[in-house]
Amino acid sequence: MVLHAPGEPLRPAELPPPAPAAGQLLLRVHACAICRTDLHVVDGELPNPKLPLIPGHEIVGTVETVGAGVDRFAPGDRVGVPWLGWTCGECRWCRSGRENLCDRARFTGYTLDGGYAEHAVADERFCFRIPQAYDDLHAAPLLCAGLIGHRCFTAAGDAQRLGLYGFGAAAHIVAQVARHRGRRVFAFTRDGDVAGQAFARELGAEWAGASSEPPPELLDAAIIFAPVGALVPAALRAVGKGGTVVCGGIHMSPIPGFPYDILWGERTLCSVANLTRRDGEEFFRLVAEIPLRIGVEPFPLEQANEGLDALRAGRLRGAAVLTP
C-alpha cells in the first residue's frame, strides 16, 4: 500500500520485491501494526516524507535473503523492524549513546519504505529478535507501541502512581509492565469512552476516567500518548511536587498557555524522541518474562485505509495490525 501524497488515501500497487543491499535483510512480512505515527505521516503532520512511500514501522517477518556482510541473521530467522532504521554512527548523539537524536537518522515507513507490503528490506543492525511467546500478530505492536512506551516508562522514573493519558496501543502495554513492577496505574481516556476505561481496568488500572477529570489523588508521574496539547497542563495539574510529565508522541497539537504554578514545585516536563537499539534489547528481554496481553484488531493489507480510519476515530482496543 503506497502513499503518493500526504492527505490522500493509500493506494494498492504491484511492485517487485526490493533487493537487499549490503548489510540488509529481505523480509517476508507476516504482520505490520498501524501506529499513530503512520497517521501523522499519511495526514501530512510530519514534514518531508519519502514519496512515494510504503508506510509502516512495526514489522514482523521472516528473513528470505540477506545482503553482503550480514552476520546477525540468516534466512528463516524471525525478526522485528522498528521505527529507527539507520543512524550515522558519527555525530555527537550517536557517539554519546543517544542515537535516537541522530541528525541524519532514517526512519522506517517515513524516510525509508516500511511494512505495509508483502516484502520489506531493513538494516540488520536495527532489527530485533522476537520472543517466541508472541506470535506475529501480537508481536507487531511491540515494535513501536511497546518500545516507545518502554522509553516513556523509563523517563517517568520510579513513579509509584502513574497516569496514562490516551489508553491506546502504547498505554495498554505500559500499564501491564507498570503493574508487573508494582506500580499503581491511573488511566485517562476521551470523555465518554466507557469501553476504553473498562479495558484499562481489565489490564490493571485501579482508576480510569476522562482526561477532563482530575485523578482521585495526585500522581508521581504521567505519560501523555494522545497527541493533544491541552493534556499537558491537565497532566501538570494531576502530578504532585517533584512529579514528571512525559510527552510520548512524535507530534502534538499546540500546547495552550498555562500558569507557572502548575510547573513550579520542581515538576519536570519532557518529551521522548524515537528509540535506541539498547532500548529494544532491554525491552525484548523484559517482555520475554512478562505474559503481556496484547490487544489487536487484524486487517487485511488491502484494508490499510480502514485500519488507519479506525485508529483516527479511536475505535480500537489495542492496536490495528495489517496481515499481508
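Only heavy atoms go into these numbers, but all of them, side chains included; no hydrogens, no water, no symmetry mates.
- Residues Phe199 and Gly318 come closest through the heavy atom pair CE2-N, 3.9 Å.
- Distance alone, capped at 3.5 Å, places no donor-acceptor pair between the Lys241 side chain and the Gly243 backbone.
- Tracing side-chain contacts under 4.5 Å through hydrophobic residues (I, L, V, M, F, W, Y), one never reaches Val29 starting from Phe299; they form parts of separate clusters.
- A salt bridge does not link Glu99 with Arg278: every distance from a Lys NZ or Arg NE/NH1/NH2 to an Asp or Glu carboxylate oxygen is 4.0 Å or more.
- Crowding of Asn48 atom CG: a count of heavy atoms from other residues, nucleotides or ligands under 6.0 Å not exceeding 12.
- Shortest non-hydrogen contact noted between Thr189 and Gly196 is CG2-C, 4.1 Å.
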Please evaluate residues His119 and Leu15 with respect to the criterion side chain to side chain contact (heavy atoms under 4.5 Å, CB included), reporting the C-alpha separation (whole Å), side-chain torsions for both, the decisive distance (0.1 Å), and the verdict. CA-CA 10 Å; His119 288 88; Leu15 303 172; over 6 Å; no
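- Hydrophobic clustering, with ILVMFWY side chains joined whenever heavy atoms are under 4.5 angstrom apart, keeps Tyr165 apart from Val185.
- Taking NE2 of His30 as the start and CD1 of Ile130 as the end, the distance is 11.5 Å to the nearest 0.5 Å.
- Scanning both residues, Gly163 and Phe188, for their nearest heavy atoms gives CA-CE1, 4.1 Å.
- Side chain of Arg78 to backbone of Pro131: a donor-acceptor contact under 3.5 angstrom is found.
- The pair Asp43-Arg312 counts as a salt bridge, with a side-chain nitrogen and a carboxylate oxygen less than 4.0 angstrom apart.
- Under the 4.5 Å side-chain heavy-atom criterion for ILVMFWY residues, a single connected hydrophobic cluster contains both Val79 and Ile59.
- Listed by chain and number, the residues in a side chain to side chain donor-acceptor pair (under 3.5 Å) with Glu202 are Arg293 (sequence neighbours excluded).
- Closest approach of Pro141 and Ala319 over heavy atoms only: CG-CB, 3.7 Å.
- A donor-acceptor pair is defined here as one N or O able to donate and one able to accept, closer than 3.5 Å; such a pair exists between the side chain of Glu58 and the backbone of Ala145.
- Within a 6.0 Å radius of CZ in Arg98, other residues, nucleotides and ligands contribute 12 heavy atoms or fewer.
- For the pair Arg104/Cys91, no side-chain contact is recorded, criterion being any heavy-atom separation below 4.5 Å from C-beta on.
- Taking 4.5 Å as the limit, every side-chain heavy atom of Ile148 sits out of range of all side-chain heavy atoms of Asp279.
- Under the side chain to side chain donor-acceptor pair (under 3.5 Å) criterion, Thr244 pairs with no residue, sequence neighbours left out.
- The existence of a salt bridge linking Asp220 and Arg183 is excluded, since no basic side-chain nitrogen approaches an acidic carboxylate oxygen closer than 4.0 Å.
- Residues Leu10 and Leu51 share a single hydrophobic cluster, defined by chaining ILVMFWY side chains whose heavy atoms lie under 4.5 Å apart.
- Atom CD1 of Ile223 and atom CZ of Arg151 lie 12.5 Å apart (nearest 0.5 Å).
- Judged purely by atom type and a 3.5 angstrom limit, Thr87 has no side-chain atom pairing as donor or acceptor with the backbone of Ala105.
- By the rule that hydrophobic residues join a cluster once side-chain heavy atoms approach within less than 4.5 Å of another member, Phe73 and Val81 end up as members of one cluster.
- Counting only heavy atoms from C-beta outward, the side chains of Phe167 and Leu203 approach each other to under 4.5 Å.
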Quick one, Leu25 with Cys127, criterion side chain to side chain contact (heavy atoms under 4.5 Å, CB included). Give me CA distance, side-chain angles, the key distance, then yes/no. CA-CA 9 Å; Leu25 311 174; Cys127 295; 4.0 Å; yes
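- Salt bridge present: Asp193 and Arg317 bring a charged side-chain N and a carboxylate O closer than 4.0 Å.
- The closest side-chain heavy-atom distance from Ile250 to His40 is below 4.5 Å.
- Here the side chain of Asn100 pairs no donor or acceptor atom with the backbone of Thr276 at under 3.5 angstrom.
- Between atom CG of residue Asn274 and atom CG of residue Leu147 there is a gap of 11.5 Å, rounded to the nearest 0.5 Å.
- A pairwise comparison of heavy atoms in Glu281 and Phe128 identifies N-CE2, 3.9 Å as the closest pair.
- Ring pair His150/Phe283 is tilted by interplanar angle, where 30° to 60° counts as tilted.
- Counting heavy atoms from C-beta outward, Phe107 and Leu84 have side chains that approach closer than 4.5 Å.
- In this structure, the separation between CD1 on Ile173 and CG on Leu164 is 12.0 Å, given to the nearest 0.5 Å.
- A distance-only check finds a donor-acceptor pair linking the side chain of Tyr134 to the backbone of Val287 [under 3.5 Å].
- Just one of Arg184, Arg161, Arg179 meets the salt bridge (charged side-chain N to carboxylate O under 4.0 Å, His left out) condition when paired with Glu206; it is Arg184.
- Side chains of His180 and Glu289: no donor on one and acceptor on the other come within 3.5 Å.
- Side chain of Glu124 to backbone of Asp71: a donor-acceptor contact under 3.5 angstrom is found.
- The two residues Ala310 and Leu316 come nearest to each other via the heavy atoms CB-CD2, 3.8 Å.
- Rounded to the nearest 0.5 Å, atoms CZ (Arg267) and CD1 (Ile262) are 8.0 Å apart.
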Stepwise, does the side chain to side chain contact (heavy atoms under 4.5 Å, CB included) test hold for Val232 with Met252? CA-CA 10 Å; Val232 171; Met252 182 177 271; 3.8 Å; yes
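- From Thr108, atom OG1 reaches atom CG of Leu143 across 9.0 Å, with rounding to the nearest 0.5 Å.
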Side chain to side chain contact (heavy atoms under 4.5 Å, CB included) for Cys247 and Leu269? Distances and angles first, verdict last. CA-CA 8 Å; Cys247 298; Leu269 174 64; 4.0 Å; yes
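- Applying the ring pair (Phe, Tyr, Trp, His ring centres under 6.0 Å) definition to pairs two or more places apart or across chains, none involves residues 215-249.
- Counting heavy atoms from C-beta on, the side chains of Trp93 and Cys88 never come closer than 4.5 Å.
- A donor-acceptor pair is defined here as one N or O able to donate and one able to accept, closer than 3.5 Å; no such pair exists between the side chain of Gln303 and the backbone of Pro300.
- At least one side-chain heavy atom of Arg36 sits less than 4.5 Å from a side-chain heavy atom of Leu311.
- Counting non-hydrogen atoms of neighbouring residues, nucleotides and ligands closer than 6.0 angstrom, the CG atom of Asp261 exceeds 12 such neighbours.
- Below 30°, between 30° and 60°, or above 60°: for Tyr110 and Trp83 the angle between ring planes is below 30°, a parallel geometry.
- Put simply, the side chain of Glu64 never gets that close to the backbone of Arg28: no donor and acceptor are under 3.5 Å apart.
- In this structure, the side chains of Trp86 and Thr111 stay at 4.5 Å or more apart for every pair of heavy atoms.
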